[in-house]
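Take a look at the structure set out below.
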Amino acid sequence: MLLHYQRRLLLNLCRQTVSISNHIQSVYHSEVSKTIQIRHVTFNTPIKKKILLKINTVLNETEDLIGSQNGSDATNITYLNNELVLSERMVKFPFHYRCLLEQQFAICQDRWVTNDEWQELYNIVGETTKPIFGSVTMLVCVQLKHIERGRSLYEFIQNRYPALLTLTSTTCTAFMNLLALDFFTLNGKKHGQDYSLHEKEICDVYEKCVRDKKQSIVASAAALGIIKGLCVTRLWHEAYSYLPFTNDDDQLQAMTEVCLAALHNDDIDTAIKLVKNFKNPPPSDSAAATISSVLNDMVRDMFRNLNEKNEKSYEFIQHLFQYLSTLDYFIEKSAVDEIKTFFAKYTSNAFNHGITMVYPNGVCKELPGLSLTSGDLTNDEFKFLLDYLKETAYTEKEVYNTATPIEFEKLQAVLARNKFTMIVDGLNILYGIDRFATDPVSSMVKTINFLKNLRVSRAQMLFIVRKHALSRIPHGIKRDLSSICEVFLVDNTSRDDWFVLYAALYSRAYVLTSDILRKERGISSKSTPAKDTQVNDKLQKWLYRYQYMFVRQGNRTFFKPPMAYKLRAQYKDNVWLIPYFSEKPQSLGQRPDNWFFVYKTSDYKQTRPLTPNRQSTNESFSVKPEKKSL
């Protein structure tokens, strides 16, 4: 039984039913509690070695852990507080110490740690770690939201090592941040009356360690912690003085905290001034401009703290929605639910709100006569993207770095000769429609049938593919492909995606692909990032407007048509419309399906309904097994 559970020992260290000591004799499994009970087992060197191999990943070393070796981890392992399994080498340096805490505290429950327990940990860390022991440990508590652990840590430092509080401001500011966590997410708070349960502790730390310190030496991260702490207390106005010390990365978050404090204290005028000065976009959950949990939480918490009885609340909402209209990020259902809850409590009959789907041509199903703003790119935007592609054409480690100028000239000649309206990413479709690697002929036949259903003339469709894709295709089938579209072959070592993108932008044509341009936008590799966020945003906008998103689900293949409208929050005909994801997106290429709308009943006038295109959201074609010869 012991051998069976050795490899799972670390995973159970955090459970309250686990007890570890230096003398063990038996192990048994409890079917009732579904946990492992460990009693008085003597840990020998092989067991220690297995534990260390499980947890010592932060060092990324291949040191031979032999029990008889002097100074090895296997001989110096310590069991601390029944929570940490560590050795002197593992906590010698600050980076290793922080990574170890992150890994092991993540599976531990938050609890109050005694001074003696903290002392035991402090004694074992390296000399280089001791001066920043408090700040590093407190930052991990903030990261994992261990409030009680952080409170006990601050008491320990204050009682036994007060000098650590003066060496760096990080410990105090991080502690203020910790005590303020999740206050604005709470429901049922009374405006201007309820404050954090830890308000007294926050104010004491601020008075003793922060207020009299010269503000000129406050770093951005420290300023953010101070702002977060003050905003959940009656001293929230003092947070203003620390806003200038936040850098671009922290500025939006800092201003959001002060704005939430203003809303909670029913100071709408201050909140409006702040939201009007939101300039920076929020961080996204990925390199693609799709979703931002930071933005979602910000919108949700603002509506949660906004007083529906304040007559200026709608003015604030308009400025917030105006900020959303400048972003290519989308919120989620949790934020929209909070918006709906707010308007349900607002002045009766003053507003109408709901959810609508939008047809590909921009017509709103639930708002007769209303069509969204066009999403067409300007001439300058097309030129910007083409210039970017030319700049990166021959750059080392970038797109098509093995191609030659002659190959590019051939493409230009083809594009000058024809006016294409559809560019097909050949390899993308061939591999997506069937198993092209093992049955290329069947995949090509199905691809030809699929392209025929697009109803695009041969002179207007360009099929771009690498040469090897046609090397195993019979001549008759290749002739059938050439009969429905123009075919352009690129070298096998060239990056065909670049040619697809350039041809589509140059011709201002639609593109049929499931690709979302990961490499061109710097999503797949940090070594080839996009030029800047402007490139990413414009490529995303272009994809929404010109991409026929190829999708395969089981034996069914279809495409999502491009959207003729601007995929951003917008104010149209006295109606605010906000796109959002009803479910967490599973891929970077997903688009919001629903739009939240709200308008004043006195301002909105229905016009004659527009007739939507009969084209559905998903154009579907069945792909049937065909003979290998056409």
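Excluded from the calculations below are hydrogen atoms, water molecules and symmetry mates; all remaining heavy atoms, backbone and side chain alike, are included. All residue numbers in this chain count up from 1 along the given sequence.
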Query raised in the report: Taking the side chain from T129 and the backbone from K92, do they hold a donor-acceptor pair closer than 3.5 Å?
Result: yes
**Report entry** Side chain to side chain, W112 and R151, heavy atoms closer than 4.5 Å
**Finding:** yes
Report task. Measure across E338 and N187 and return the closest heavy-atom pair with its distance rounded to 0.1 Å. Result -> OE2-OD1, 4.3 Å
Query raised in the report: When you look at S220 and D249, which way does the side chain to side chain donor-acceptor pair (under 3.5 Å) test go after all the steps?
Result: CA-CA 9 Å; S220 178; D249 293 335; over 6 Å; no
Query - Spatial distance of atom CD1 (I226) from atom SG (C209) [nearest 0.5 Å] - result: 10.5 Å
Query raised in the report: Do T114 and E117 get their side chains close enough for a donor-acceptor pair, meaning under 3.5 Å?
Result: yes
**Report entry** salt bridge (Lys or Arg N to Asp or Glu O under 4.0 Å) pairs, two or more places apart, involving residues 94-105
**Finding:** R98-E102
Query raised in the report: Where do L165 and F175 land on the side chain to side chain contact (heavy atoms under 4.5 Å, CB included) test, with the steps shown first?
Result: CA-CA 11 Å; L165 299 176; F175 185 47; over 6 Å; no
Report summary line: In short, D250 meets A221 closest at the heavy-atom pair OD2-N, 3.9 Å
Report summary line: Between F550 and S514 the two heavy atoms that sit nearest each other are O-CB, 3.2 Å
Query raised in the report: So does R435 have more than 12 non-hydrogen atoms from other groups sitting under 6.0 Å from CZ?
Result: no
Query - Distance in Å, F184 CZ paired with D301 CG, rounded so as to fall on 0.5 Å steps - result: 8.5 Å
**Report entry** Atom pair CD/CG of E148 and D110 - distance to nearest 0.5 Å
**Finding:** 6.0 Å
Query raised in the report: Can you find a pair of side-chain heavy atoms, one from V205 and one from Y154, that are under 4.5 Å apart?
Result: yes
Query raised in the report: With a 4.5 Å limit on heavy-atom distance, are the side chains of T341 and F303 in contact?
Result: no
Query - Between N123 and Q119, a side-chain donor and acceptor under 3.5 Å - result: yes
**Report entry** Whether H191 side chain and H264 backbone form a donor-acceptor pair below 3.5 Å
**Finding:** yes
Query raised in the report: Hey, does the Lys NZ or Arg CZ of K538 hover above the aromatic six-ring of Y388, less than 6.0 Å from the centre and inside 45° of the axis?
Result: no
Report task. May I have the step-by-step check of side chain to side chain contact (heavy atoms under 4.5 Å, CB included) for T513 and D497, ending in yes or no? Result -> CA-CA 10 Å; T513 181; D497 291 347; over 6 Å; no
**Report entry** Side-chain heavy-atom pair P592, Y580 within 4.5 angstrom cut-off
**Finding:** no
Query raised in the report: Angle class for the F93/H96 ring planes (parallel below 30°, perpendicular above 60°, tilted otherwise)?
Result: perpendicular
Query raised in the report: Roughly how far, to the nearest 0.5 Å, is CZ of F330 from CG of N594?
Result: 13.0 Å
Requested in this report: Quick one: pull up CG in L260 and CE in M302 and give me the separation to the nearest 0.5 Å.
Outcome: 5.0 Å
Requested in this report: Go through the steps to decide whether F342 and R304 satisfy the test side chain to side chain contact (heavy atoms under 4.5 Å, CB included), and finish with yes or no.
Outcome: CA-CA 8 Å; F342 173 85; R304 188 168 290 178; over 6 Å; no
Query raised in the report: What pair of heavy atoms forms the shortest contact from G229 to I202, and how long is it?
Result: O-CG2, 3.5 Å
Report task. For the pair C231 and E257, evaluate side chain to side chain contact (heavy atoms under 4.5 Å, CB included) and give the outcome as yes or no after the intermediate values. Result -> CA-CA 7 Å; C231 283; E257 293 295 324; 4.2 Å; yes
Requested in this report: Please answer whether the main-chain N or O of A106 pairs with a side-chain N or O of H146 as donor and acceptor at a distance below 3.5 Å.
Outcome: no
Query raised in the report: Any side-chain donor-acceptor pair under 3.5 Å between S582 and D593?
Result: no
Query raised in the report: Judged by atom type as modelled, is there a donor-acceptor pair below 3.5 Å linking the side chain of T256 to the main-chain atoms of L252?
Result: yes
Acceptor/donor pairs from residues 135-143 side chains to any protein atom, 3.5 angstrom cut, sequence neighbours excluded:
residue: S135; atom: OG; partner: I132; partner atom: O; Å: 3.1
residue: T137; atom: OG1; partner: Y97; partner atom: OH; Å: 2.8
residue: T137; atom: OG1; partner: F133; partner atom: O; Å: 2.7

Query raised in the report: Within a reach of under 6.0 Å around CG of L197, are more than 12 heavy atoms found that belong to other residues, nucleotides or ligands?
Result: no
Report task. Determine whether Q253 and L224 make a side-chain contact, defined as any pair of heavy atoms from C-beta on separated by less than 4.5 Å. Result -> yes
Requested in this report: Indicate yes or no: at least one non-hydrogen side-chain atom of R300 is less than 4.5 angstrom from one of T185.
Outcome: yes
Query raised in the report: Do Y206 and E201 meet the criterion of a side-chain donor-acceptor pair at a distance under 3.5 Å?
Result: no
Query raised in the report: Would you say Q547 and M549 make side-chain contact, with heavy atoms under 4.5 Å?
Result: yes
Query raised in the report: Do you know which two heavy atoms are closest between P282 and L327, and how far apart they sit?
Result: CD-CD1, 3.8 Å
Query raised in the report: Quick one: CG on L230 to CD on E238, what's the gap to the nearest 0.5 Å?
Result: 6.5 Å
Query raised in the report: Aromatic ring centroids of F183 and Y195 under 6.0 Å?
Result: no
Query raised in the report: For K200, does the NZ atom have more than 12 heavy-atom neighbours from other residues, nucleotides or ligands under 6.0 Å away?
Result: no
Requested in this report: May I ask you to decide if E332's main-chain N or O and N296's side chain share a donor-acceptor pair within less than 3.5 Å?
Outcome: yes
Requested in this report: Find out whether the Lys NZ or Arg CZ of K130 is both under 6.0 angstrom from the six-membered ring centre of Y122 and within 45° of the ring's axis.
Outcome: yes
**Report entry** Crowding at CD, E583 (>12 non-hydrogen neighbours, <6.0 Å)
**Finding:** no
Query raised in the report: Considering only heavy atoms from C-beta outward, does the side chain of R149 approach that of L144 to under 4.5 Å?
Result: no
Report task. Could you walk me through whether D204 and K208 pass the salt bridge (Lys or Arg N to Asp or Glu O under 4.0 Å) test, one step at a time? Result -> CA-CA 6 Å; D204 287 345; K208 295 176 181 178; 5.3 Å; no
Query raised in the report: Looking only at heavy atoms, which two atoms of C203 and L235 are closest? And how far apart?
Result: SG-CD1, 3.8 Å
Query raised in the report: R160 and D116: salt bridge (Lys or Arg N to Asp or Glu O under 4.0 Å), yes or no, with the steps?
Result: CA-CA 10 Å; R160 300 195 181 183; D116 290 340; 3.1 Å; yes
